[in-house]
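Worksheet: one structure, shown below.
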Amino acid sequence: MKRLALIVIALLFLPGVRCMAQVGDKRLILKDGSYQVVTQYEVKGDRVRYKSAERGGEWEEIPNTLVDWPATEKWNKEHAPGALATAEAEREKKEQSDAAEIDKEEQQERDAEKARMPVVSPGLRLPDESGVWVMDTFQATPELVRMQQSNGDLNKDLGHNVLKATINPMGGSKQLIQIDGARSKIQLHVNQPELYVALDASDEGTLPDDALKVDTHGASAKVDKNNHSSPTSRYVIVRVQQRRNLRVVAAMNISMVGKVSHSEDIVETTSQILPGNHWMKVIPKVPLSFGEYALMEVLSPQEVNLDVWDFGVDPRAPENKNTLTPILASK
């Protein structure tokens with residue numbers, strides 16, 4: 001037993017073990033990179049008095065100029081009793097704060113995404129895309145159908161092209177817009193459809209180089225570099241004239257579009273900007289009868305967009321292709 005006690009006492013006097021046990025020990029770090037382990041120290045003028053933790057409790061002195069005070073204060077602060085626990089607590093607190101900020105940003109992104117994809121029918125949202133969509137109902141099921149822009153020589157496009165043309169009242173009955181085919185590929189089964197127009201710009205929908213081949217018959221046409229819809233745009237629905245293998249919008253009808261006057265071929269609409277400011281909802285003021293139509297954008301009282309979105313109204317038509325249907329929540 002006595003032998004064990006002597007071994008313990010001897011271990012306590014080993015330098016390494018003693019330094020570990022002296023939790024309150026400090027360091028005086030010198031400018032040459034060495035240091036003194038001390039139990040206490042004080043500055044007296046140009047001298048530093050200290051008690052060495054390794055050589056007993058006698059006071060010793062060194063010149064003040066030999067001590068690297070910034071390094072000394074930094075080390076003693078970081079190794080003070082409880083400093084490690086405090087630093088760990090601060091680190092955890094910062095990590096929690098950073099995580100909370102990331103969660104907040106992610107939530108804001110999710111909220112913004114949802115705002116750009118408003119619910120238009122139970123279980124049915126508009127996509128976060130450009131272009132124009134229309135709400136149809138087939139066999140009691142609501143469906144969103146993406147509409148194509150059409151304008152004679154222009155390629156079909158799913159974005160939002162803008163080909164401006166100045167309204168020419170002297171255009172008479174000349175054909176200004178021609179759409180291939182006597183019947184639109186999109187046939188709606190409702191007579192007062194809800195149309196949704198995306199409002200922000202998109203690279204999708206850049207006009208081809210030959211876009212200006214459309215015969216405007218004297219109207220001044222130009223391509224809008226900013227191919228997107230403006231919240232200030234007004235939309236009307238024009239009844240198109242059917243020919244054997246095409247549909248046309250006459251210049252006279254286009255001149256009426258710029259006016260407030262009523263025409264049986266021009267159907268006024270009401271519009272509403274949906275929450276999120278990404279979509280404009282457009283609804284005809286009166287029900288549409290059986291036939292072929294085009295949604296037309298009025299850019300100003302003097303200008304219209306020659307790129308139109310064509311559709312037909314036929315309750316007997318088959319279901320449209322590639323529609324978006326409601327996603328029912330699981331019970």
Would you call the rings of W279 and Y196 parallel, tilted or perpendicular if under 30° counts as parallel and over 60° as perpendicular?
-> perpendicular

Assess the side chains of T323 and R146: does a donor N or O sit below 3.5 Å from an acceptor N or O?
-> no

Under the 3.5 angstrom rule, does the side chain of K285 hit a backbone N or O of T270 as a donor-acceptor pair?
-> no

Between D180 and R247, is there a side-chain N and carboxylate O pair less than 4.0 Å apart?
-> no

Using 4.0 Å as the upper bound for N to carboxylate O, is an ion pair formed by E73 and K77?
-> no

Is the closest side-chain heavy-atom distance between I237 and T269 below 4.5 Å?
-> yes

Does any N or O in the side chain of S300 come within less than 3.5 Å of the main-chain N or O of E303, such that one atom is a donor and the other an acceptor?
-> yes

Verify, without hydrogens or angle tests, whether D310 (side chain) and Y293 (backbone) share a donor-acceptor contact under 3.5 angstrom.
-> no

Non-neighbouring partners of R47 that pass side chain to side chain donor-acceptor pair (under 3.5 Å), sequence neighbours left out | none

Hey, are R116 and D128 close enough for a salt bridge, meaning a charged N less than 4.0 Å from a carboxylate O?
-> yes

Contacts of type side chain to side chain donor-acceptor pair (under 3.5 Å), residue S34, not counting sequence neighbours | D32

Are the side chain of N76 and the backbone of R27 linked by a donor-acceptor contact shorter than 3.5 Å?
-> yes

Who passes ring-ring contact (aromatic ring centres under 6.0 Å, His included) against Y50, sequence neighbours left out?
-> none

Backbone N or O of N64 within a donor-acceptor pair of the D46 side chain at under 3.5 Å?
-> no

Is R234 paired with E297 through a side-chain N to carboxylate O contact shorter than 4.0 Å?
-> no

Is the backbone of A198 close enough, under 3.5 Å, to the side chain of H278 for a donor and an acceptor to pair up by distance?
-> no

Presence of salt bridge, E194 and K281, under 4.0 angstrom | yes

